S.K.: 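Here it is, the structure in full.
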2 protein chains.
Amino acid sequence: MKGKIFIIEDEASIIQLVQLNLEKEGFIVASSLNGNEGLKELKKFEPNLLLLDWMLPDLSGIDVCKNIRKDNNFKNLPIIMLTAKGEEEDKIKGLESGVDDYITKPFSFNELSARIKAVLRRSDPNIVANDLIFEDLKLDRIEKRVFRDEKEIQLGPTEFRLLEFFLTNPKRVYSRDQILETVWPNNVNVESRTIDVHIRRLRQSINIKDKKELIRTVRSSGYSLV
Amino acid sequence: MKGKIFIIEDEASIIQLVQLNLEKEGFIVASSLNGNEGLKELKKFEPNLLLLDWMLPDLSGIDVCKNIRKDNNFKNLPIIMLTAKGEEEDKIKGLESGVDDYITKPFSFNELSARIKAVLRRSDPNIVANDLIFEDLKLDRIEKRVFRDEKEIQLGPTEFRLLEFFLTNPKRVYSRDQILETVWPNNVNVESRTIDVHIRRLRQSINIKDKKELIRTVRSSGYSLV
DNA sequence: TCTTAATGTTACAGAAATATTACAAATTAA
DNA sequence: TTAATTTGTAATATTTCTGTAACATTAAGA
């Protein structure tokens, strides 16, 4: 993670918190407490992404946003808007004016981080780690490809998500319920046994002759990647 | 242990007791005496887990729970419900409305602590200590693996739970009844002698040549790990 | 030493969990 | 639209685990 992030936000405490955490993740961070000044500094700083507060003392977030979009050098700068709770309608306006994503305060840093990465993944794939790697297994989230031992492996969508899930926490054992919750879209109801079948399909795809089995069955607990 | 726990409970004495003990275990604790206020403070506090009383002066626990589940930032917040004795039916409702576990008052702090850790272990494994270690024996609860002297040992589910049980209180002698209550799922009826067989299986698995016996038989009392 | 109660050991049948297969319905691509 | 792929489930096969009973051994007191 080596991208630059600029923050325009008038609450110093939020800046402090976010900045600290983002720097811990390896981003370079600069910030400003108001819109006009922020615009100037931002253009000097040339960030890969902007976190922009909706309510600023001088300009509104939308104004800042429009100004940026007018500037040829920054019209593609990804922007994540920070909105206070209950500004539901505003959210839509925000998106219309060319914001890439928004998040409502109060937010957890984890959620913010996830959104930042998701946005960067689209705009600037090289900045974010997109490859999940475990031993000789590689999963490319951008191109949606999977390789074992340099050789590409064809996976169906569900098997891809399943493997992606295991790769985010290798070695850890997950119960069928946990797998179901995370890998399947919410509020679908599938039999817990169905997972066995998908595990089998995944195993069949990623196993190579003479190479060790990658998915461990832990009786009465679930499965894990090893 | 470095997680944050929020308590919503109208009996100040309970809060005091629980808070004191949780802080002794290294948790950061905040609390509120009623539902509406609690909801607000909770969202500022961003806990890793919520202890929620079922009967509150303003909102019912269920209402609080539903409110939380609606909020994108907190819909996955683990919740343990505190219910008064005899609210059996309510328990079921509680679980349906998305509670992760419940405990009936009066409860011992040990039991509460155990449940908190169990719930956190699933949701936020990094917060809770997951390795049980005793001399050259190591049990990894996340990966579900057991090692003696660095070498991995294969255990069946019951033997795993049995060893996990002994490891939480090494040296202490447990009667067969105590073992049965804790290691076996509630409301199953197994002969007390069955334990002897499982002890044997466990012994066979974890004993290594030239290494001392790890499970001590205390005639007429039970077994212990030494 | 004998007796007895407690624990150790073994083998095995049934239970429980997982693996595998096949197939029809649903989804997506052509 | 048709063809191809993907999905979920049910049925069946296989593996592994469990509890019990029967018999063996041990410890300790008389």
Side-chain angles (χ1 to χ4, degrees), chain A residues 139 143-146 152-166 173-207 209 212-226, chain B residues 144-146 152-166 173-207 209 212-226:
Chain A
L139 181 148
E143 300 183 13
K144 305 263 178 203
R145 286 156 178 265
V146 173
E152 180 160 9
I153 284 162
Q154 231 56 45
L155 291 183
T158 304
E159 278 71 55
F160 186 91
R161 291 200 311 277
L162 191 55
L163 181 59
E164 186 179 12
F165 172 66
F166 278 121
V173 176
Y174 290 100
S175 71
R176 292 186 174 66
D177 281 349
Q178 289 176 310
I179 295 173
L180 222 51
E181 266 179 37
T182 318
V183 175
W184 267 257
N186 292 332
N187 63 50
V188 294
N189 255 37
V190 286
E191 291 287 322
S192 146
R193 304 260 91 235
T194 300
I195 289 169
D196 300 28
V197 178
H198 282 283
I199 289 282
R200 161 147 168 78
R201 288 171 182 152
L202 181 55
R203 275 180 169 149
Q204 247 172 351
S205 305
I206 65 176
N207 281 348
K209 198 160 61 75
K212 73 160 199 235
E213 171 71 53
L214 279 174
I215 295 175
R216 174 166 79 118
T217 304
V218 182
R219 191 167 240 255
S220 85
S221 294
Y223 299 96
S224 71
L225 192 69
V226 289
Chain B
K144 304 262 179 201
R145 289 175 187 279
V146 172
E152 179 161 10
I153 285 162
Q154 232 57 45
L155 292 183
T158 304
E159 279 70 57
F160 187 93
R161 291 199 311 276
L162 191 55
L163 180 59
E164 187 179 11
F165 173 67
F166 278 120
V173 177
Y174 290 101
S175 71
R176 292 185 173 67
D177 281 348
Q178 288 176 309
I179 295 174
L180 222 51
E181 263 179 39
T182 319
V183 175
W184 267 256
N186 294 331
N187 63 49
V188 295
N189 255 39
V190 285
E191 292 287 322
S192 148
R193 295 298 321 277
T194 299
I195 289 169
D196 299 28
V197 178
H198 282 285
I199 290 282
R200 155 136 173 90
R201 287 170 182 154
L202 181 55
R203 276 178 169 152
Q204 234 168 4
S205 304
I206 65 176
N207 281 348
K209 198 161 60 75
K212 72 160 198 235
E213 171 71 52
L214 279 174
I215 295 174
R216 177 166 75 114
T217 304
V218 183
R219 191 166 241 259
S220 83
S221 295
Y223 299 96
S224 73
L225 193 68
V226 288

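Hydrogens, waters and symmetry mates play no part in the numbers below; they use all other heavy atoms, side chains included. Protein chains get the first letters and strands the later ones, always in sequence-line order, with residue 1 at the start of each. Because the structure is a prediction, the values reported are computed rather than measured.
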S.K.: Given atom CZ of A/R200 and atom C1' of D/dT9, what is their separation to the nearest angstrom?
M.R.: 15 Å
S.K.: Answer with base, sugar-phosphate or nothing: what part of the nucleic acid does B/S220 contact at a heavy-atom distance below 4.0 Å?
M.R.: sugar-phosphate
S.K.: Check this one for me: any side-chain N or O of A/Y223 less than 4.0 Å away from OP1 or OP2 of C/dA17?
M.R.: no
S.K.: In whole angstroms, how far is the C1' atom of D/dG19 from the CD1 atom of B/I179?
M.R.: 16 Å
S.K.: With no hydrogens and no angle check, do the side chains of A/R203 and A/T217 hold a donor and an acceptor under 3.5 Å apart?
M.R.: yes
S.K.: When all nucleic acid strands are considered with a 4.0 Å heavy-atom cut-off, which category describes B/E159: base, sugar-phosphate, or nothing?
M.R.: sugar-phosphate
S.K.: Would you say A/T217 places a side-chain N or O within less than 4.0 Å of OP1 or OP2 belonging to C/dA17?
M.R.: no
S.K.: Describe, in one word, how the ring planes of A/W184 and A/H198 are oriented to each other, choosing from parallel (under 30°), tilted (30 to 60°) and perpendicular (over 60°).
M.R.: perpendicular
S.K.: Give the rounded distance in Å between these two atoms: CG of A/N189 and P of D/dT7.
M.R.: 18 Å
S.K.: Whole-Å distance between C/dG8 C1' and B/I195 CD1?
M.R.: 15 Å
S.K.: Mind calculating the distance between CG (A/L155) and P (D/dT6) to the nearest angstrom?
M.R.: 10 Å
S.K.: Would B/I195 and B/Y223 satisfy side chain to side chain contact (heavy atoms under 4.5 Å, CB included), going step by step from the backbone distance to the final call?
M.R.: CA-CA 10 Å; B/I195 289 169; B/Y223 299 96; 4.3 Å; yes
S.K.: Measure from CZ on B/R216 to C1' on C/dT7 and round the result to the nearest Å.
M.R.: 15 Å
S.K.: What is the separation between atom CG on A/D196 and atom C1' on D/dT9, rounded to the nearest whole Å?
M.R.: 12 Å
S.K.: Please tell me which of the listed nucleotides, C/dA19, D/dT18, D/dT20, lies nearest to the side chain of B/H198?
M.R.: D/dT18
S.K.: What contact category does A/R203 fall into here, base, sugar-phosphate, or nothing, at under 4.0 angstrom with non-hydrogen atoms?
M.R.: sugar-phosphate
S.K.: Using a 4.0 Å heavy-atom cut-off across all strands, classify B/F160 as base, sugar-phosphate, or nothing.
M.R.: nothing
S.K.: Can you measure A/L202 atom CG to D/dT7 atom C1' for me and round it to whole angstrom units?
M.R.: 15 Å
S.K.: What nucleotide, of C/dA17, C/dT10, D/dT9, holds the atom closest to the side chain of A/R219?
M.R.: C/dA17
S.K.: As a test of reading the structure: which of D/dT20, D/dG8, C/dG8 is closest to the side chain of A/V190, going by heavy atoms?
M.R.: D/dG8
S.K.: Reckon B/W184 has a side-chain N or O less than 4.0 Å from the OP1 or OP2 of D/dT18?
M.R.: no
S.K.: Which nucleotide in the set C/dA11, D/dG8, D/dT18 lies at the smallest distance from any side-chain heavy atom of B/V197?
M.R.: C/dA11
S.K.: So does B/R193 reach the base of C/dG8 with its side chain, donor to acceptor, closer than 3.5 Å?
M.R.: yes
S.K.: Which heavy-atom pair separates B/V183 from B/T158 by the least distance, and what is that distance?
M.R.: CG1-O, 4.4 Å
S.K.: Any donor-acceptor pair under 3.5 Å linking the side-chain atoms of B/R145 with those of A/S224?
M.R.: no
S.K.: Given D/dT20, C/dT18, D/dT9, identify the nucleotide with an atom nearest to the side chain of A/R176.
M.R.: C/dT18
